[in-house]
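Structure record follows, encoded as C-alpha cells.
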Amino acid sequence: MPVLGLIGERFARERPLEGLRVAACLHVTAETACLVGTLRAGGAEASLCSANPLSAQDDVAAALATEGADVHAARGESLDAYAAHVATVMDSRPNVTLDDGADLLSFAHAADRLDGLIGGTEETSTGLLRLRRLQRQGGLRCPVLAVNEAMSERTLNDRYGTGQSALDGILRATNLLLAGHTLVVFGFGYAGRGIAERARGAGAAVVICEIDPLRALQARMEGYEVMPALDAAERGDLFLTVTGSRNVLRGEHFERMKDGAVLANAGHFDVEIDLPGLRAVADGEPHTVLPLVERFEVGGKALNLLASGRVVNLAAGEGHPAAVMDVSFALQALAAEHLALHGNGLEPAVIEVPRELDDEVARLKLAALDVEIDSPTEEQLEYRRSWLE
Amino acid sequence: MSATDTTTQDFKVANLDLAASGRKQIDLAEHEMPGLMATRAEYSEEQPLAGARITGSLHMTTQTAVLIESLTALGAEVRWCSCNIFSTDDAAAAAVAVGPEGTPDNPQGIPVYAWKGETLEEYWWCTEQVVNWPEGKTANLILDDGGDATMLVHKGKEFETAGAVPDPAGAESEEFEVFLTLLQKSVAEHPGRYTEIADSIVGVSEETTTGVNRLYQLAETGDLLFPAINVNDSVTKSKFDNLYGCRHSLIDGINRGTDVMIAGKTAVICGYGDVGKGSAESLRGQGARVLVTEIDPICALQACMEGYQVVTLEDVVETADIFITTTGNKDIIKASDIARMKHQAIVGNIGHFDNEIDIAGLAKIDGIERIEVKPQVHEWRFGDGKSVLVLSEGRLLNLGNATGHPSFVMSNSFTNQTLAQIDLWKNKGAFDNNVRVLSKELDEKVARLHLGALGARLTELTEDQAAYIGVKVDGPYKSDHYRY
C-alpha cells in the first residue's frame, strides 16, 4: 500500500493527529491494519471494530491488538456481539469516526454520544444514504466527509475494486465458469459497471437491471441487455445485487428463477436479497452444499445463496485488492487529518471531500506507479483563466 | 469525365481523371503494406513471374492496385476485373489503368475492366475481357476471389465439351441467366476458346472461403481443371483478413452508409465463423448488444462463451435493429423476414455473395417501393409505410459502402496471394489438379514480414528449447492441425 505508506511517512514526521482519538468501524483486513498503523504513526489513538459480522480476519485482528491497537472484532460474531463492539468502540469518546456503513455515527446519534466528536468519514454509498436521511430529518449533528464519493475512491474502489473482487468472491465460492453463463447485475453504478465490464471480459452474457433511466441508458449504450428484474429473473444463471437498496431480489423473482441459479450481493448490507422472503418461498430449510453456499428448494428448483446474502467480495473473497484499498484508506487518512485540522469550522452535514485531498491521493498513486504526467504551461493556465473570466 | 473507350484501348474504368487521386492512395497504402512491399523487393531481381500471364478477378481497390503492381514488378503480365459489381474504387482502377509512368492522356498501366456500380451484364462482360487475352495469347494463371473467373473457364470448357450452352431461360437465378447468355454468345463467336484457356492455365490461387468451397467441390468430383492453392486458409489470411478486416470494415460500412448510432442498438450476426467473429466484436466494441445465429454447434458454443446470446432469426427478427449476414450460405434472411422487421431496421451482408439476403424476393412484395437514399443505400418502403434500410443491395457492404479492409490486413492476404502465384508458376506441372494450402513456413514468413512495422520483437528459441518441443529454431513452430 504505497500511497498510504507515503502518507504514513509524512504523518510520522509531522504528527498531525497527535492526541486525536479515532474510532473506526471498517472491515478488519490486512489493509485496514495499515490504515490504523498510519493513523497511529500520525499520533492518533485508534479503536477498531468490524463493519460486518462475517468480514473480520481474525489473524489481522490479533496482530493489530498485539501492536497495541484497541480492536473488537471476531469473524462470525453474533449480531449482539457486533452491536456491543460498536458501542465499545464509541466508549473511547472519539474525536473522529471512520465509518463503513455508518454504524458508528448511527449509534452515536441514537445513543447521544457526540460530545468531543469533530466529525466523521463514510466509506460506502450505503452509509451515505443513511446519513443523508438523518440529515434530511434534521438529525445530523456533525460534519461527515463523503469519502465514497471522492473521484479517486469511486473509480478505484467501486469500479476497479468491487468490479474485480465481487467476481472473485463468486468464483471462489462456486468455482463456476463465467463464460457462457448469463450474469444479471442489479445496479449500474460505479460498482455495477466495473462488475459488468469484467464479467463480459470473462465471457459472460451480462444483463443489467436499473431503476435510474440515465444509468440504464448508459448500460444499454455499452451494449448490455437491460430489462426489468422480473424478466431477468427467468434469464439469469447468476444474480448479483449492487444497488444500496433493499429487497431488490424477492419472492416474485425467486419463483421465476432457473434451477441452479446463484444469488449473491456485493452491496454493503445483506438486505438487497430478501432473505425472509427467500425462506418464505422455499420448501423446508436450506442445506449447505459448499462453505458459503446454501441451497434453497423453491418449487422443485434449487437456488444457491452465497455468503448468506452478505457482501460477497469480502465474505467469499478477500475484499478489494490492497492496491484499491490503498487509495480508499489514503483518502480516509487525509480526511481524518482534514477533520482534525479544519473540522470545527465545518457545518453538520454530509460534505464533499475537498478536491485537494482527491488530487493529493491521485498524485501519490501515480508516483507509486512510477507514472509521470504533464503540468499546464503558464500560457495554458492563462488561456483557461481568460475563458473563466 | 473521360470515360474510357474499349474500341481503342484495352481497359474500361469509370474516369481516368481520378488516376492522380488513386495514385496518392496507392502511395499511402504501400507504406501500410509492409509484407507485400518486402516481397516485391525480395524477388525483384529474380523476376519469378516472368512469362506468367495472370487473369485477376478481385475487388479493384487501392490495396489490390498494390498487389497488381507487385505482380507486374515480379515479371508478370496482368489483366484485372473486380469480383463484385460495387466493390471497385474508381480512383484505384483509374490509377492502375494509367500506371505509375502514364498519364490520363497516355495510359500505360495494365488492362483493368472495373468500375463501381456495374450491371450484372457488365460484370460478366468485364470478367470475359480479362479471362480472354488479346493477340492469340492465353492466361496461364488465375488469381481469383470468389471463384468467378475459375467458374467461367470451367463452365465454358464444360459446355464446349457438351456441345451446347444450356438455355439461359432455364437458369435458377438472374445472375446465372446473365452468365449463360454471355457464354452462349462467347462460345458461338469463338468455339473452343475456353478449352484452350483451360489447357494453358497452370493454376489458380483463391482468396475466399466461398471460392475455396467451390474449388473443393470441383476437386471432389474430379472436375477441377488445374491445380489450386487455397490462400484463404493460410492462417495469415483467414485469421486476419476475415477476422480483423471485418472487425474494422463492418462498422465503417454501416457508418458511411447510414451514420446511425450503433451504441444501444441490438444487432444480429448470422454466422459465427471468422467473419462473424470479427463482425460481432466490431459491433460490440461500438456498444451494440450483439446476438448470434448459428447452425454449427461448435461455433454457437464459442459465441456463448464469448458472452453473446445465441438465438434463431425467428426469435429476434421483429425486435433487432441491425442484421448482418456472414455465412457464405444462401437464403439466410428471406423477404418474409425483412417484412417482419421493425421500422428502419438495417440489413446488410458481409459474406461474399449477395444470395444471403433475398433482395429479389423483397422486390416482389406487393406495394413495396425501393427508394435510393444514396448509392448503395436503399430504403425499402412497405405498403403500410414501414421501411427497412438495405445496404449495398445485399452485396458485401464493407466494400460497397466503405472501402473494404484496410491496407495492413490486405497486405497479409496479398503477400499470400503473391507467394501462391510464384509457387504455382515455379511448380507448373508438378502438382495434380487438387487444392492445397501454402506451407506453414510461408505462412509464418508472411506474419514475420508484418511484425517489424508494428514494432513487435519476437523472442527466439534456444537450440535446447527447440529440441525440447521438437521444432527447428527458425520454425515452423506448429503442427499442420494447430488451429491458432
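Everything numeric in this text was worked out from a predicted model, so none of it was measured. Here is how names work: the chains are called A, B, and so on, in the same order as the sequence lines, proteins then strands, and each is numbered from 1.
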Taking CD in A/Glu318 as the centre, count heavy atoms belonging to other residues, nucleotides or ligands within less than 6.0 Å. Is the count above 12?
no
Does atom CD1 of B/Ile469 have more than 12 heavy-atom neighbours from other groups under 6.0 Å away?
yes
Determine the option with the most heavy-atom pairs under 4.5 angstrom with chain A, choosing from B/Gln302, B/Gln309, B/Gln286.
B/Gln309
Got a sec: does the CD1 of B/Ile298 have more than 12 other heavy atoms crowding it under 6.0 Å?
no
State the CD-CZ distance between B/Glu306 and A/Arg200, to the nearest 0.5 angstrom.
11.5 Å
Please state whether the side chain, the backbone, both or neither of A/Leu177 comes within less than 4.5 Å of a heavy atom of chain B.
side chain
Output the distance between atom CD1 (A/Ile208) and atom CZ (B/Arg289), rounded to the nearest 0.5 Å.
12.0 Å
For A/Leu230, does the CG atom have more than 12 heavy-atom neighbours from other residues, nucleotides or ligands under 6.0 Å away?
yes
Portion of A/Glu225 that has a non-hydrogen atom of chain B nearer than 4.5 angstrom:
both
For the pair A/Arg220 (side chain) and B/Gly264 (backbone), establish whether a donor and an acceptor sit closer than 3.5 Å, ignoring hydrogens and angles.
yes
Can you tell me if B/Lys330 has over 12 outside heavy atoms packed within less than 6.0 Å of its NZ?
no
